[in-house]
Every structure is written in C-alpha cells, then in structure tokens.
Amino acid sequence: MQTHRFTMPTASHVEDQILDFLRRRRRVMFLELADVLSGCSWKVLLSALSRLHARHLIDLFPHKWDMEILLRENMPGMSQGLA
C-alpha cells in the first residue's frame with residue numbers, strides 16, 4: 001500500500017502566495033484569504049501575515065469578526081508612478 005505524505009508549505013511559500021493574491025486584489029479579509037489558502041492552518045497564515053507586516057509589506061486592520069489585509073503601495077519591486 002502506498003502512503004501519501006502531506007508536507008506543510010514553507011513560510012516563504014505561504015508569504016509568496018499571500019502577496020500574489022494581494023497583488024491581484026490589493027485588499028482582502030482574513031476569512032476570504034483563509035478560504036483561498038485552505039491548505040494552510042490559521043496559525044500558519046497568521047504567522048505569515050505577522051512577518052509580512054513586520055517587513056512593512058502589508059497593513060492589518062482589525063474588524064469585529066475579521067481582519068482586513070491591505071497591500072502597501074510602496075512595496076519593493078512595485079512600479080512607482082513618475083510625474
């Protein structure tokens with residue numbers, strides 16, 4: 001019988017997935033993100049969000065029953081408009 005091993009995504013992989021999703025949406029609620037990245041536990045997602053916030057890549061805004069996640073516009077690698 002063949003066994004299947006479930007491997008947890010690496011921290012950087014989860015962070016990359018979050019940033020990719022935010023680049024398309026810019027603003028998302030935590031519960032929606034948790035649904036999109038359903039292979040990750042909330043603990044893994046919250047840890048990744050905490051690291052991204054500490055690196056000043058995202059802003060987090062608490063709501064009564066959820067949390068809003070906003071991609072910062074001044075992220076490294078994002079094109080800046082020249083006037």
- Item | Straight-line distance of Asp35 CG to Met29 CE, nearest 0.5 Å | 13.5 Å
- Query: Rounded to the nearest 0.5 Å, how far apart are CZ of Arg55 and OG of Ser50?
  - Reply: 11.5 Å
- Exercise: identify the closest heavy-atom pair between Leu52 and Leu19: CD2-CD1, 3.9 Å
- Closest non-hydrogen contact found for Val14 with Cys40 is CG2-SG, 3.8 Å
- How long is the gap from CG on Leu22 to CD1 on Ile69, to the nearest 0.5 Å? 6.5 Å
- Shared-cluster residues of Leu70, by chain and number - hydrophobic side chains joined below 4.5 Å: Phe61
- Query: Is any side-chain heavy atom of His53 less than 4.5 Å from a side-chain heavy atom of Ile58?
  - Reply: yes
- Message: Could you measure the distance from the CG atom of Leu49 to the CD1 atom of Ile18? Nearest 0.5 Å is fine.
- Response: 4.5 Å
- Query: Would you say Leu31 and Trp65 make side-chain contact, with heavy atoms under 4.5 Å?
  - Reply: no
- Enter the distance from Gln17:CD to Leu45:CG here, rounded to the nearest 0.5 Å. 9.0 Å
- Message: Once rounded to the nearest 0.5 Å, what's the spacing between atom CZ of Phe30 and atom CG of Leu46?
- Response: 4.0 Å
